[in-house]
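Note that the numbering runs from 1 along the sequence shown for the chain. Indexing begins at 1, ligand by ligand and atom by atom, following the structure's order.
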Amino acid sequence: MNYKRFAPVLLVLSVLALYNSAKAQDLIDKKVDSVLSKMTLAEKVGQMNQYNGDWEATGPVTKAVGDKLGEIKQGRVGAVLNIMGSAHTKMFQDAAMQSRLKIPLLFGQDVIHGYRITFPIPLAEACSWDIDAIERAERIAATEASASGINWTFSPMVDIARDPRWGRVMEGAGEDPYLGSLIAAARVHGFQGRGLGNIDAIMACAKHFAAYGAAIGGRDYNSVDISMHTLWEVYLPPFKAAAEAGAATFMNSFNDLNGTPATGNSYLQREVLKKIWNFKGFVVSDWGSIGEMIPHGYAKDNYQAAEIAVKAGNDMDMESRSYIDNLEKLVNDGKVSVALLDESVRRILRKKFEMGLFDDPYRYINPAREKSMLNRPQSQEEAKSMAQKSIVLLKNNNQLLPLSKELKTVALIGPLGKAKKEQKGFWSLDIEPNEDIPSVFESLQKAAPKTQFVYQYGCNIDDQSHAGFAAAVEAAKKADVVVMAMGEAPDMTGEAKSKANIHLPGVQEELIKAIVETGKPVVVLLMAGRPMIFNWTADNANAILYTWWLGSQGGNAIADVIYGAYNPSGKLPITFPRTEGQIPIYYNHLNTGRPAASDKDVFYKSAYIDLPNSPRYAFGFGLSYTSFDYIDDGVFYSTTPIKDNETLKISFTLKNTGKYAGEETVQLYIRDLVSQPLRPVKELKDFKKVFLQPGESRQVTFTISRDMLYFYNDNLQYVTQPGDFQVMIGSASDDIRLKRTFELTN
Ligand code: NOJ
């Protein structure tokens with residue numbers, strides 16, 4: 001299509017759209033003001049109050065279940081969480097409709113990786129580097145949740161995580177701000193679909209603002225002590241991306257940031273989020289985090305905690321009861337102005353209007369829609385495809401994988417071989433208690449009907465018993481190939497699930513050793529929510545697939561990969577350390593004045609004398625059943641400096657040199673060679689996913705532009721500095737195939 005011809009039309013249309021949306025916003029603002037003018041102080045405070053529902057708690061409940069429905073009828077509650085399904089949400093909305101002003105309730109839920117259908121955990125999905133697929137996954141989650149009464153998810157978690165000991169590493173997109181930002185925006189778009197007001201859209205909530213992932217020692221809820229530079233360069237970008245993508249809400253975090261709890265941090269919430277980023281939605285506290293400023297030692301009681309939080313820009317209180325118990329008094333005592341409360345209430349009401357809840361408080365509550373939208377076959381297909389893309393092939397000696405369907409006997413060994421619901425991982429919802437998730441054992445049997453599968457558990461996940469070893473070894477000896485399903489328990493990652501020891505738990509690695517010693521070819525599947533440590537396995541198993549927790553379609557996706565129906569394409573979004581002593585370890589670090597040139601280079605170098613500097617598996621790493629050559633054809637590369645808004649094109653030929661069709665994620669990194677302050681040794685700036693048939697070649701072209709070269713200087717201004725840059729293109733952050741330098745002038 002010739003877009004130029006249509007340019008004037010498109011321009012008129014977009015001006016019209018802008019005008020219409022400004023008009024609609026204007027109208028909503030008027031409606032908000034009208035409701036606000038009728039509200040008593042107590043009702044305003046009620047809108048800023050969120051309670052947990054009566055059925056399930058995702059945190060320590062502040063007060064034993066009281067008469068919540070009664071409080072809702074009095075207009076003392078603006079939102080609830082952990083109430084799902086049309087029947088339950090209706091019961092609560094009915095109560096809200098009995099309040100004086102009939103302001104509808106919001107229903108929030110942790111829809112973290114799927115609703116009825118469980119998708120892979122977010123960290124696994126990030127391995128796909130498939131931004132569109134991630135958006136589609138959230139679209140399905142939103143479609144299901146919105147049909148079940150939910151209109152607000154506490155997702156995406158966009159915290160950068162450089163520490164795999166932190167249990168919540170599973171909920172994010174890993175360690176990289178660029179990839180993390182793309183995924184943050186995709187998830188927001190997925191949840192909010194065509195925009196709030198559409199019946200299949202739910203409000204997204206970017207969390208946990210901010211820097212929660214930098215908890216010292218990887219211990220959940222711990223203090224964060226980082227420079228402002230690191231905050232802006234590493235931890236804030238995905239939040240900025242989420243705000244720009246239109247996230248309706250933000251959640252603050254449990255941690256203190258350099259001595260100020262995020263919940264009471266007005267720099268983060270008022271200055272950065274609401275002023276610099278012009279965020280128009282509302283901020284909810286994390287569960288009880290206003291009250292937690294007391295044990296932090298930041299507030300002496302809930303009265304002071306509420307004052308600090310509201311002044312810092314925290315609009316809604318999740319479950320600490322600090323607002324409901326204190327805000328009115330704070331206003332009456334002259335400590336907090338009504339205008340300040342009005343600002344928060346306006347933000348909350350605006351979202352309720354945007355979602356059409358004032359027109360119809362029951363619009364998300366519709367049993368017929370609920371029935372037809374949940375668990376649709378095409379959604380299960382999408383979940384399977386996402387699960388396939390989330391698997392990372394870490395090793396495949398002598399092309400052991402894919403397995404032949406003609407094998408006579410395969411022994412499946414390991415504590416997770418028959419795992420069913422466990423495959424959903426932490427932060428999954430049990431919407432259908434009878435959901436039958438195929439185990440790896442069942443899926444393998446289905447995929448290769450001619451093969452006889454023998455199962456032995458071998459050992460438990462996390463104890464010291466060797467009781468199952470002998471039978472497992474016997475089974476291995478009789479098999480042509482052994483597949484081992486090993487890993488963590490699903491509740492070893494997630495909130496409050498930090499671990500100091502992240503080795504493959506229990507005696508599992510001993511079992512792998514015993515099985516490898518039989519001399520049989522061994523494929524190890526590793527299921528977990530974090531990068532684990534498994535050095536012996538990495539050195540000695542024949543093939544390793546890191547499968548994370550893949551959700552409802554886990555078993556099927558694994559069988560597809562094992563038998564080659566899907567050629568693995570996942571790439572790690574987070575570095576895997578060799579041992580805990582290397583943590584934090586991440587690819588985009590600064591150079592020291594004495595960098596080690598290799599793992600052996602320790603003489604007065606920034607290195608360990610008892611351990612290589614390099615990680616076990618680097619950011620961006622992941623193998624395929626096929627192989628790819630990066631052929632430097634030098635096309636389009638120019639040696640003239642980039643000036644003003646000029647761009648530089650760099651291209652090469654990618655060739656599939658193996659026997660299987662497959663997809664490569666080509667990664668482009670840039671290093672600013674000299675700068676003040678320092679810049680990382682490499683930073684991901686772009687990537688492309690290229691699918692090639694065996695023998696096929698394709699020219700791949702990247703465009704380098706000035707906006708890839710911006711960074712925050714010492715005054716936190718976002719600038720570029722003229723000078724030399726290095727471009728690195730490769731298959732992983734430690735597998736660079738092509739390098740170029742170019743110059744940027746002013
Ligand atoms: C606490 C968690 O930190 C947060 O991520 C979650 O959304 C809330 N609990 C609600 O369950």
S.K.: Please report the shortest heavy-atom distance between G259 and Y298, naming the atom on each side.
M.R.: O-CE1, 3.9 Å
S.K.: May I ask you to check whether T58 has an N/O atom sitting below 3.5 Å from an N/O atom of ligand 1?
M.R.: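 It does: an N or O of T58 is found under 3.5 Å from an N or O of ligand 1.
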S.K.: Is it the case that R136 places NZ or CZ above or below the six-membered ring of F119, under 6.0 angstrom from the centre and within 45 degrees of the axis?
M.R.: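 Geometry flag: not set, cation outside 6.0 Å or 45°.
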S.K.: Is the shortest N/O to N/O distance between Y212 and ligand 1 below 3.5 Å?
M.R.: no
S.K.: Using distance alone, determine whether R168 and ligand 1 share an N or O pair under 3.5 Å.
M.R.: yes
S.K.: Going by the atom numbers of ligand 1, which of them fall below 4.0 Å from some non-hydrogen atom of K207?
M.R.: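 Once the distances to K207 are compared, the set is 4 (C), 5 (O), 6 (C), 7 (O).
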S.K.: Find all atoms of ligand 1 within a distance of less than 4.0 Å from any non-hydrogen atom belonging to F154, and give their numbers and elements.
M.R.: 7 (O)
S.K.: What protein heavy atom sits nearest atom 6 (C) of ligand 1, and how far off is it?
M.R.: D110 OD1, 3.3 Å
S.K.: Which atoms form the tightest heavy-atom contact between A137 and E125, and what is the distance?
M.R.: CB-OE2, 3.8 Å
S.K.: With a 4.0 Å heavy-atom cut-off (strictly under), which part of H208 contacts ligand 1: side chain, backbone, both or neither?
M.R.: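 Within the 4.0 Å criterion, H208 contacts ligand 1 through side-chain atoms alone.
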S.K.: Could you list the atoms of ligand 1 found under 4.0 angstrom from a heavy atom of W287?
M.R.: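 In order of numbering, the contacting atoms are 1 (C), 9 (N).
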S.K.: If you have a sec, work out which protein heavy atom is nearest atom 9 (N) of ligand 1 and how many Å separate them, to one decimal?
M.R.: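 Atom 9 (N) of ligand 1 sits closest to the protein heavy atom D286 OD1, 3.5 Å.
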S.K.: Quick one: does ligand 1 sit under 4.0 Å from the side chain of L81, the backbone, both or neither, non-hydrogen atoms only?
M.R.: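 Within the 4.0 Å criterion, L81 contacts ligand 1 through side-chain atoms alone.
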S.K.: Indicate the atoms forming the closest heavy-atom contact of M293 with A305, along with that distance.
M.R.: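 So the two residues come closest at CE-O, 3.5 Å.
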S.K.: Parallel, tilted or perpendicular: which one describes the rings of F619 and W129, with boundaries at 30° and 60°?
M.R.: tilted
S.K.: Taking only Lys NZ, Arg NE, NH1 and NH2, and the carboxylate oxygens of Asp or Glu, determine whether E343 and R347 approach each other closer than 4.0 Å.
M.R.: yes
S.K.: Can K207 be said to sit on top of W427's aromatic six-ring, NZ or CZ under 6.0 Å from centre and within 45° of the ring axis?
M.R.: yes
